[in-house]
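Worksheet: one structure, shown below.
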Amino acid sequence: HGDFNQKIDYVFKVVLIGDSAVGKSQLLARFAKNQFSLDSKATIGVEFQTRTLVIDQKTIKAQIWDTAGQERYRAVTSAYYRGAVGAMLVYDITKRPTFDHVARWLEELRGHADKNIVIMLVGNKSDLGHLRNVTSEDAKEFSERENLYFMETSALESTNVETAFNTVLKEIY
Ligand code: GTP
Ligand code: MG
């Protein structure tokens, strides 16, 4: 994605949130580096990656922040959300509790982030359809009620990862 000598028109901060092990870090690895690892370690604190892309002839640097889903490893909440213009709220389609917790994540997000933040609800691990425990209909219904974008992704198979991030970035822009 070489951003050597590139003029940056906009820098957009996007945060990843959601329960532990839903695949936040692997979605980021897929989007930023086109990499994926099955033995991904739980995130401790905060990490971020950037990717520069062109949307409508503008060069946009996406700065994607990733923190731990586990409470004890999480970053300082207010600092994490500060300045974020987009958010990916991730659950695992095979783990019902991760979807049931989405409302709580949304509450935290809305309590800390800018009110115009663009939010995408992401049902990850769509490659594990045989283990599905959250229907697309349930998620779609929730996202419509809460005014969120919604997409199912697979970081493993690279399905919709690009589209999910690009949709958020386009909408911010
Ligand atoms: P925390 O850092 O603890 O909050 O977890 P996380 O949300 O960052 O999860 P992580 O990306 O580390 O992924 C957890 C596990 O799920 C790892 O074993 C990943 O390889 C696996 N995983 C992530 N995305 C996918 C996917 O799309 N499909 C499948 N089958 N596994 C995935
Ligand atoms: Mg992680």
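In each ligand, atom 1 is the first atom listed, and ligand 1 is the first ligand listed.
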For this session: Give a yes-or-no answer on whether the side chains of D127 and S154 include a donor-acceptor pair shorter than 3.5 Å.
Result: yes
Exercise. Can a donor-acceptor pair be found between the side chains of S40 and Q26 at a distance below 3.5 Å?
Worked result: yes
Salt-bridge contact [X]-[Y] (side-chain N to carboxylate O under 4.0 Å):
X: K24; Y: D66; result: no
X: E162; Y: R51; result: yes
X: E146; Y: R110; result: yes
X: R30; Y: E157; result: no
X: E141; Y: R145; result: yes
X: D100; Y: K95; result: no

Return the closest protein heavy atom for [atom] as residue, atom name and distance.
atom: atom 22 (N) of ligand 1; result: K125 CE, 3.7 Å
atom: atom 9 (O) of ligand 1; result: G23 N, 3.2 Å
atom: atom 20 (O) of ligand 1; result: S37 O, 2.7 Å
atom: atom 18 (O) of ligand 1; result: L38 O, 2.7 Å
atom: atom 27 (O) of ligand 1; result: A155 N, 2.8 Å

For this session: Ignoring angles and geometry beyond distance, decide whether A42 reaches within less than 3.5 Å of ligand 1 through its nitrogen or oxygen atoms.
Result: no
Exercise. Looking only at N/O atoms, are Q70 and ligand 1 under 3.5 Å apart anywhere?
Worked result: no
Exercise. Do side-chain atoms of T94 reach the backbone of R132 as a donor and acceptor pair under 3.5 angstrom?
Worked result: no
For this session: Output yes when a side-chain donor or acceptor of T153 lies under 3.5 Å from a complementary backbone atom of A155, and no otherwise.
Result: no
Would you mind telling me if ligand 1 is within reach of the side chain of [X], the backbone, both or neither, using heavy atoms under 4.0 Å?
X: N124; answer: side chain
X: D127; answer: side chain
X: D19; answer: backbone
X: A29; answer: neither
X: F36; answer: side chain

For this session: Could you check which of S126, S25, S154 puts a non-hydrogen atom nearest to atom 8 (O) of ligand 1?
Result: S25
For this session: Give the single entry among T43, V161, L27 that approaches atom 2 (O) of ligand 1 most closely by any heavy atom.
Result: T43
Tell me which donor-acceptor pairs under 3.5 Å the side chains of residues 8-16 have, and how far apart each pair is, sequence neighbours excluded?
{"unit_1": "D9", "atom_1": "OD1", "unit_2": "K7", "atom_2": "NZ", "d": "2.6"}
{"unit_1": "D9", "atom_1": "OD2", "unit_2": "T59", "atom_2": "N", "d": "2.7"}
{"unit_1": "K13", "atom_1": "NZ", "unit_2": "A79", "atom_2": "O", "d": "3.4"}
{"unit_1": "K13", "atom_1": "NZ", "unit_2": "Y80", "atom_2": "O", "d": "2.8"}
{"unit_1": "K13", "atom_1": "NZ", "unit_2": "R82", "atom_2": "O", "d": "2.7"}

Under 4.0 Å to a heavy atom of [X] - the qualifying atoms of ligand 1, by number:
X: G69; result: 1 (P), 4 (O)
X: L128; result: 30 (N)
X: S40; result: 10 (P), 11 (O), 12 (O), 17 (C)
X: A68; result: 4 (O)
X: A21; result: 1 (P), 3 (O), 5 (O), 6 (P), 7 (O), 9 (O), 14 (C), 16 (O)

For this session: Have a look around the Mg ion (ligand 2) and list protein N/O/S atoms under 2.8 Å, or say none.
Result: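 Only S25 OG, T43 OG1 fall inside 2.8 Å of the Mg ion (ligand 2).
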For this session: Start with the C-alpha distance between F142 and F99, add both sets of side-chain angles, then the distance that settles side chain to side chain contact (heavy atoms under 4.5 Å, CB included), and finish with yes or no.
Result: CA-CA 10 Å; F142 179 87; F99 178 71; 4.1 Å; yes
Problem set entry | Other cluster members, I44 - Ile/Leu/Val/Met/Phe/Trp/Tyr, side-chain contacts below 4.5 Å |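 Members besides I44, by chain and number: Y73.
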Exercise. In the hydrophobic clustering (ILVMFWY, side-chain contacts below 4.5 Å, transitive), which residues join L38, or is it alone?
Worked result: F36, L156
Exercise. Angle class for the F48/W65 ring planes (parallel below 30°, perpendicular above 60°, tilted otherwise)?
Worked result: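 If you compare the ring of F48 with that of W65, the planes turn out parallel.
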